[in-house]
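One structure is given here, and the rest of the page talks about it.
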Amino acid sequence: ISAYVITNDEKFMRSAAAYLDRLAGVNEIKFISDKSEAQGRVSALVTPVAEILIPLGDLVDVEKERERIKAEIKETSALIEKTKALLANQGFRAKAPQKLVENEQAKLVSAEEKLSKLEDKLALFND
């Protein structure tokens, strides 16, 4: 299986190539800068470090993959709303250690980035 990888840390992902091969059967990695460079329909794994795009071919039930992505979008959206509500709570902000508030803010940014990537993935998948 070959995979496309979009990342800001190519060095790290190159070092992880052996694990991708062993765990997922990915024997060829193509580094790309944009999803439009991936050929055909792909399934994507979204992580804080990279997006790994696997060409689907006939490997995956298209409808099940759409539903999986939609479920992940719903879960991520719920996390965003929960985190926003926590950060909007003045009692939490007043009583919580600054480090905890900063961690929640970072979690919110990460979740919003993930949501954006998932929505992009769903849009590409529906093409």
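Heads up: numbering here begins at 1 and tracks the sequence. Values reported hereafter were calculated over all heavy atoms of this structure, with side chains retained and with hydrogens, waters and symmetry mates removed.
When every heavy atom of Lys117 is checked against every heavy atom of Thr47, the shortest pair comes out as NZ-O, 4.3 Å. Residues Ala111 and Thr76 share a closest heavy-atom pair of O-CG2, 3.4 Å. Minimum interatomic distance between Ile69 and Leu118 (heavy atoms only, all atoms of both residues): CG2-O, 3.9 Å. What you find for Glu104 and Thr83 is that their closest heavy atoms are O-CG2, 3.4 Å. When all heavy atoms are compared, the tightest approach of Ala3 to Pro55 is CA-CD, 4.4 Å. Taking both residues in full, the closest heavy atoms of Leu86 and Phe92 are given as O-CD2, 3.4 Å, listed atom of the first, atom of the second, then distance.
To the nearest 0.5 Å, atoms CG (Leu87) and CG (Leu108) are separated by 6.0 Å. The line from CD of Gln98 to CG of Asn103 is 10.0 Å long, rounded to the nearest 0.5 Å.
Clustering ILVMFWY residues whenever any of their side-chain heavy atoms sit less than 4.5 angstrom apart, transitively, puts Ile29 in the very cluster that holds Ile52. Hydrophobic clustering keeps Val101 apart from Val109 (ILVMFWY residues linked when any side-chain heavy atoms are closer than 4.5 Å, directly or through intermediates).
Between Arg68 and Glu65, at least one side-chain N (NZ, or NE/NH1/NH2) sits under 4.0 Å from a carboxylate O, which counts as a salt bridge. Between Glu51 and Lys35 there is a salt bridge, since at least one side-chain N of the basic residue sits less than 4.0 Å from a carboxylate O of the acidic one.
Without hydrogens or angle criteria, Ser110 side chain to Lys107 main chain gives no donor-acceptor distance under 3.5 Å.
A 4.5 Å side-chain heavy-atom check between Phe12 and Thr7 finds every atom pair outside the cut-off. Proximity of Lys84 to Glu112: side-chain heavy atoms (C-beta onward) are separated by under 4.5 Å at one or more points. Using a 4.5 Å cut-off on side-chain heavy atoms (C-beta onward), Glu37 and Ile6 make no contact.
The only member of Ile54, Asp34, Ile32 that meets side-chain contact (heavy atoms from CB on, under 4.5 Å) when paired with Tyr4 is Ile32.
Every residue two or more places apart in sequence or in another chain that forms a salt bridge (charged side-chain N to carboxylate O under 4.0 Å, His left out) with Arg14 is listed here: Glu10.
Under a cut-off of 6.0 angstrom, the local environment of CD in Glu28 is crowded, with over 12 non-hydrogen atoms contributed by other residues, nucleotides or ligands.
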